[in-house]
Amino acid sequence: MLRIGLLGGMSWESTTEYYRRINEMVRDRLGGFHSADCLLRSVDFAPIEALQGQGLWDEAGAVLAAAAVELESGGAELLVLCTNTMHKVAPAIEQAVNIPFINLIDAAAEAVTADGTTTVGLLGTSFTMEQDFYRDGLAAHGLAVLVPGAEDRATVHQIIYEELCLGIVSEASRRECQRIIAGLASRGAEGVVLGCTEIELLLSQQDADITLYPTTTIHAQAAVDAALAG
């Protein structure tokens, strides 16, 4: 088993889900008392969130690249960035290390295309929904990507930052997201990529009539597959 380096803390609420799911998957695959061989580097999210808000992505990328180097120096043999939004700076992180980087966007796209789905909706932070990096990453796999309208994008972003990142799970917010997902389906989405690690704290497949693609779970599975492949 390769040692998984987890670069998390953005937010820690969802990073705990990575840790739990990766260990559960290893246990289920190997049985007995097996668990994942992993290292966790959890950064302080407040400075990263401030850099996001100021559009200082290069500076945020430098912070995460330095943390990734620390994981590699500590013995990590592959790297998992436990956040959707900060995959915007994935190239800076990949360039800083010499170990394989398990790209979340690629993993999500592969899960979608494996179902034969060609058009997906995308939910996430405003950065994820409005900037090119995530949509282009999905489109590179042949997918058409739909995002909610401006007001609904603002609603989802608010739910993520003002509730889910702070550990608040609201039934009213679940209903709002269900409404937004239904709107994407009415526009032709065959499934919806939950492009924010925190959204899985709020939504599961039972909350939608179309397929939801939970990126935390998908990414965790890709990490376990790579680790056990050796």
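All residue numbers in this chain count up from 1 along the given sequence. Note that these values count all heavy atoms, side chains included, but never hydrogens, waters or copies made by symmetry.
- The cluster map of Ile, Leu, Val, Met, Phe, Trp and Tyr, joined by side-chain heavy atoms under 4.5 Å apart, puts L146 and I210 in the same cluster.
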Side chains of residues 48-58: which donor-acceptor partners sit under 3.5 Å, not counting sequence neighbours?
residue : atom : partner : partner atom : Å
Q52     : OE1  : Y161    : OH           : 2.7
Q54     : NE2  : A50     : O            : 3.1

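- Residues L143 and V193 are not in side-chain contact: their nearest non-hydrogen atoms beyond the backbone lie 4.5 Å or more apart.
- Under the 4.5 Å side-chain criterion, counting only non-hydrogen atoms from C-beta, V63 is not in contact with P47.
- Between M10 and T15, the closest side-chain pair of non-hydrogen atoms is not below 4.5 Å.
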Pairs under 3.5 angstrom only: tabulate donor-acceptor contacts from the side chains of residues 75-82 to other protein residues two or more places apart or in another chain.
residue : atom : partner : partner atom : Å
E77     : OE1  : R3      : N            : 2.7

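- Checked options Q158, Q131, H157; the residue passing with S126 is H157 (criterion: side-chain hydrogen bond (donor to acceptor under 3.5 Å, both in side chains)).
- Note on residues 183-202: pairs passing salt bridge (Lys or Arg N to Asp or Glu O under 4.0 Å), not counting sequence neighbours, are R21-E200.
- With values rounded to the nearest 0.5 angstrom, I160 atom CD1 is found 13.5 Å from E13 atom CD.
- Under the 3.5 Å distance criterion, the side-chain polar atoms of N23 are matched with a main-chain donor or acceptor of A36.
- Nearest heavy-atom pair, L122 versus G195, reported as atom, atom and distance to 0.1 Å: CD1-CA, 4.1 Å.
- L228 is connected to L39 through a chain of hydrophobic side-chain contacts under 4.5 Å among Ile, Leu, Val, Met, Phe, Trp and Tyr, so both are in one cluster.
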Run the side-chain donor-acceptor check on residues 89-110: report pairs under 3.5 Å with partners two or more places apart or on a different chain.
residue : atom : partner : partner atom : Å
N103    : OD1  : I105    : N            : 2.9
N103    : OD1  : D106    : N            : 3.0
D106    : OD1  : H141    : NE2          : 3.0

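- Counting non-hydrogen atoms of neighbouring residues, nucleotides and ligands closer than 6.0 angstrom, the OH atom of Y19 reaches no more than 12 such neighbours.
- Rounding to the nearest 0.5 Å places CG of L201 at 11.0 Å from CG of L194.
- Looking only at atom types and distance, the side chain of E163 has a donor-acceptor partner in the side chain of S173 under 3.5 Å away.
- The stretch residues 124-149 participates, sequence neighbours left out, in these salt bridge (Lys or Arg N to Asp or Glu O under 4.0 Å) pairs: E130-R153, D132-R135.
- For the atom pair C177 SG and I159 CD1, the distance stands at 4.0 Å (nearest 0.5 Å).
- Nearest heavy-atom pair, C196 versus T215, reported as atom, atom and distance to 0.1 Å: N-OG1, 4.1 Å.
- Under the 3.5 Å distance criterion, with hydrogens and angles disregarded, a donor-acceptor pair is assigned to the side chains of T117 and Y213.
- Contact detail for D37 and M1: the closest heavy-atom pair is N-SD, 3.3 Å.
- With rounding to the nearest 0.5 angstrom, the NE2 atom of H87 is 7.5 Å from the OG1 atom of T83.
- Atom CG of residue D152 and atom CG of residue L123 lie 9.5 Å apart, to the nearest 0.5 angstrom.
- Note that CE of M25 is 8.5 Å distant from CG of D28, once rounded to the nearest 0.5 Å.
- Of all the heavy atoms in G121 and A189, the pair that sits closest is N-CB, 3.6 Å.
- No more than 12 heavy atoms of other residues, nucleotides or ligands sit less than 6.0 Å from atom CD of E151.
- Identified under the salt bridge (Lys or Arg N to Asp or Glu O under 4.0 Å) test for residues 203-230, with sequence neighbours left out: R29-D225, R174-D207.
- Two residues are said to be in side-chain contact when any heavy atoms from C-beta on lie closer than 4.5 Å; V169 and L164 meet this criterion.
- The hydrophobic cluster containing F45 does not contain I168, counting ILVMFWY residues as joined when their side-chain heavy atoms lie under 4.5 angstrom apart, directly or transitively.
- In terms of hydrophobic clustering, with Ile, Leu, Val, Met, Phe, Trp and Tyr side chains grouped at heavy-atom distances under 4.5 Å, L2 and V224 are assigned to a common cluster.
- Taking each heavy atom of I22 and L6 in turn, the nearest pair found is CD1-CD2, 3.7 Å.
- A donor and an acceptor atom, one from each side chain of T128 and N84, are nowhere located under 3.5 Å apart.
- Heavy atoms only, all atoms of each residue included: P148 and M129 are closest at CD-SD, 3.7 Å.
- At a threshold of 4.5 Å between side-chain heavy atoms, the hydrophobic network of Ile, Leu, Val, Met, Phe, Trp and Tyr places V69 and M86 in one connected group.
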